[in-house]
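See structure below.
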Amino acid sequence: MLVVDEASMVDTRTLARLARHTNRARAKLVLVGDHHQLPEIGAGGAFRGLVQRLDPITLDTNRRQHHAWERAALDNLRDGDAALAVHAY
């Protein structure tokens, strides 16, 4: 098993190479990441495409932020509403 953390930052060509290598090794490729966060360094879109086309496992519960307003602010930031998130802080 090959686990790639922050997989949304891996460019498409590198992700394809990793997939070929794990396939040849008869291993499992597990991609972990959030395509709403930092983008790929090189040409990308493969991770986002996989998320949109497949049925990914998602984490739905935020356990890091203890206060509801902090969780809501991070949701706003992730959804692209930085002004609302900054206002909360």
Side-chain angles (χ1 to χ4, degrees):
M1 177 185 299
L2 175 61
V3 178
V4 180
D5 193 15
E6 299 296 346
S8 62
M9 295 180 66
V10 180
D11 64 86
T12 298
R13 286 182 180 163
T14 302
L15 199 54
R17 281 199 323 268
L18 288 172
R20 280 194 305 274
H21 287 302
T22 53
N23 188 42
R24 286 182 190 145
R26 294 185 179 181
K28 181 177 183 175
L29 178 60
V30 178
L31 304 175
V32 180
D34 183 353
H35 63 279
H36 293 289
Q37 291 182 346
L38 296 173
E40 307 84 354
I41 303 298
F47 183 78
R48 180 185 304 264
L50 290 171
V51 169
Q52 292 171 344
R53 288 170 179 81
L54 301 175
D55 187 24
I57 297 170
T58 60
L59 298 176
D60 298 321
T61 305
N62 179 336
R63 298 187 188 276
R64 281 191 183 165
Q65 281 65 38
H66 299 287
H67 303 289
W69 71 267
E70 290 177 297
R71 291 189 297 272
L74 287 178
D75 288 342
N76 292 329
L77 187 61
R78 185 189 63 240
D79 294 339
D81 195 345
L84 192 57
V86 169
H87 179 73
Y89 278 95

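Residue indices begin at 1 and follow the sequence shown. Keep in mind that what you see is a predicted model, and the values were worked out from it rather than measured. Any value given below was found using the heavy atoms of this structure, including those in side chains, with hydrogens, waters and symmetry copies removed.
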Next item on the list: Calculate, to the nearest 0.5 Å, the distance between atoms CG and CG belonging to D79 and L74 respectively.
Entry: 10.5 Å

Note to self: Could you report the tightest heavy-atom contact between L29 and L18, atom names first, then the distance?
What the structure shows: CD2-C, 4.4 Å

Notebook entry, point to check: What's the spacing between L15 CG and R20 CZ if we round to 0.5 Å?
Noted result: 10.5 Å

Next item on the list: Return the set of residues passing side chain to side chain donor-acceptor pair (under 3.5 Å) with N62 (not counting sequence neighbours), or none when no residue passes.
Entry: Q65

Next item on the list: Taking all heavy atoms of A85 and all of A73, pick out the closest pair and write down the distance.
Entry: CB-O, 3.3 Å

Next item on the list: Only counting residues at least two apart or in another chain, list the ones meeting side chain to side chain donor-acceptor pair (under 3.5 Å) with N23.
Entry: none

Next item on the list: Count the heavy atoms belonging to other residues, nucleotides or ligands that lie under 6.0 Å from CG of L54, then report whether that count exceeds 12.
Entry: yes

Checklist line | Partners passing side chain to side chain contact (heavy atoms under 4.5 Å, CB included) against V32 (at least two apart in sequence or in another chain) | finding: V3, D5, V30

Next item on the list: Can you see which heavy atom on A88 is nearest to which on W69, and at what distance?
Entry: O-CZ3, 3.5 Å

Check: Looking at T12 and A46, what are the two nearest heavy atoms and their distance?
Finding: OG1-N, 3.4 Å

